[in-house]
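Chain identifiers are assigned alphabetically (A, B, ...) following the order of the sequence lines, protein sequences preceding nucleic acid strands; residue numbering begins at 1 within each chain. Reckoned from all heavy atoms, side chains included, excluding hydrogens, waters and symmetry mates.
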There are 2 protein chains.
Amino acid sequence: MRISELSTASGVTIPTIKFYLRENLLPSGEATSANQARYDESHVKRLTLIRALLEIGGLSVAAARDVIDAVDNADLPLNQVFGIAQRAISGSNLSTNSASAESRARVASVLTERKWHVTDDNPGLAGAAKVLDRFSALGHPELIDLIDDYALAADIVARADLRVVGKQPNVAAMAETVVAGTVLGDAVFAALRRIAQEHVSSEMHPAPHPLSQAPASIPDRRKS
Amino acid sequence: MRISELSTASGVTIPTIKFYLRENLLPSGEATSANQARYDESHVKRLTLIRALLEIGGLSVAAARDVIDAVDNADLPLNQVFGIAQRAISGSNLSTNSASAESRARVASVLTERKWHVTDDNPGLAGAAKVLDRFSALGHPELIDLIDDYALAADIVARADLRVVGKQPNVAAMAETVVAGTVLGDAVFAALRRIAQEHVSSEMHPAPHPLSQAPASIPDRRKS
DNA sequence: CAACTATAGACAGTTTCACTATCGATAGTT
DNA sequence: AACTATCGATAGTGAAACTGTCTATAGTTG
């Protein structure tokens, strides 16, 4: 398969494929001479994954490279693959200032309640606490207690995730499943949440009629 | 409060505040003369919201403006506020080509099973179907069936969301809760999911020891 | 009240990111 | 032989989110 065929097969333009090659997102094809190389199905599949990570997952090219490296690194323990995939989403808020003691304690209370046991460096711990701090800062501390229900939901999701991963035939397939499940799973969940919110909302407030229309009525306040 | 005080109170630099004023994210202060204006607590709060939307929610400035307009527009039905907030996250994948009939049917089957009733234009319907298509394209159709468990989790989350919203004293507070809950809620959920994944993973595969370490071992494959 | 700092508003400049475009040398194709 | 495709290198583009500079004025301080 030549680069032009790879391009039509994957729907990615040749300049973009070259860009991904330069950025080490896509392994180079087998060189047949100084300026010819052959590509195969694995390249098509890799491009599909790259586009899914960028378009659906909203990852940056750099984050996608980290994730892809993890997939390729077959002898990486599964937990690390999970960590890399999760970290890639909504790019590392790790470096910034840490969360308050109150919020961290609140997160810890959830772990106790749910009997969750994780290592202290789990990035979710700091991430969750940091968001709880924002709830307070926004003047909506009542949102903090949502975390208990969210934790129950997260437990359900994580068990489903791991069940599917466990059914994979080999480690390479497991890693791919972890990545696809983690990055695209977020998008599915967000979509379902949107559906559920509308359902529950109309269930609780059975409005006469004009609920959920296209929001065409709000004025456009863009700069002049 | 002058702009310099607003800056220190909110932690946002003056040039950035001016930028937000230009972009209509932040209402201008009360003008006391041609080149003086007074700001108050509402401006501090608004800046806190803006930074939360941009930093935690990962919204673009344009998406944040839509969300903020919805919050300010007090007579907007709650469902529309939900819709705007959800649409702002992972910027409108609406325009692109639509999903396959199979995936849309699979999503419809979830609605039937969960007895969810929503309007046909709910953006979650197309969004979920589109991701299912990606699962197939990636060669991982087994991930499609995750949707049933995800839907159960989404139901739990949505009921919790609506319960908190319903407790708000007035419509303005409800709108703010919807926005904060939707945008920041995604971040909390993602963090909890990360925690739950590690817990469930170590529960299922009680590895001897070296699970979940800092992924320092993967080589850096950045371009030379 | 003079010196100095701060402010509003206008507008230009910067940085990062994800591509795109061009080029020269060579390879394959008709 | 003429023509198109490809490789690798390098440069350019456009959007996004700030950031910096400038001018005319306003407030503040010694």
- [ ] Please report, rounded to the nearest Å, how far the P atom of C:dA18 is from the CG atom of A:Leu21.
- [x] 17 Å
Task: Any residue meeting side chain to side chain donor-acceptor pair (under 3.5 Å) with A:Arg106, in chain and number order, not counting sequence neighbours - done: A:Ser109, A:Asp145, A:Asp148
- [ ] Return the value, rounded to whole Å, for the distance between atom CD of B:Glu23 and atom P of C:dA10.
- [x] 13 Å
Task: Rounded distance in Å - CD (B:Glu30) to P (C:dT7) - done: 17 Å
TODO: Could you tell me whether A:Ala31 contacts a base, only the sugar-phosphate backbone, or nothing, with contacts defined as non-hydrogen atoms closer than 4.0 Å?
DONE: nothing
- [ ] Could you run through nucleotides 13-30 of chain D and give me one letter per nucleotide, 5' to 3': B if any protein heavy atom sits under 4.0 Å from the base, S if only the sugar-phosphate is that close, - if neither?
- [x] ----SBB----BBS----
Task: Distance in angstrom units between A:Met1 CE and D:dT6 C1', rounded - done: 16 Å
Open item on the list: In whole Å, I'd like the distance from the CD1 atom of A:Ile17 to the P atom of C:dC19.
Closed with: 12 Å
Task: Salt bridge present between B:Glu55 and A:Lys130 (N-O < 4.0 angstrom) - done: no
TODO: List the atom of A:Ala85, the atom of A:Val67, and the distance in Å for their closest heavy-atom pair.
DONE: CA-CG2, 4.2 Å
Open item on the list: Could you tell me how far apart A:Ile14 (CD1) and C:dA18 (P) are, to the nearest whole angstrom?
Closed with: 22 Å
- [ ] Examine D:dC7: is either OP1 or OP2 under 4.0 Å from a nitrogen or oxygen in the side chain of A:Tyr39? Give yes or no.
- [x] yes
Open item on the list: Rounded to whole Å, how long is the line connecting atom CG of B:Leu26 with atom P of C:dG9?
Closed with: 12 Å
Task: For atom CG of B:Asn24 and atom P of C:dG9, their distance in whole Å - done: 12 Å
TODO: Could you list all the ring pair (Phe, Tyr, Trp, His ring centres under 6.0 Å) pairs where at least one residue sits in residues 43-79 of chain A, not counting sequence neighbours?
DONE: A:Tyr39-A:His43
TODO: Could you tell me which non-hydrogen atom of A:Val81 sits nearest to which non-hydrogen atom of A:Ala70, and how far apart they are?
DONE: CG2-O, 4.3 Å
TODO: Indicate yes or no: does B:Asp186 engage A:Arg193 in a salt bridge with an N to O separation below 4.0 Å.
DONE: yes
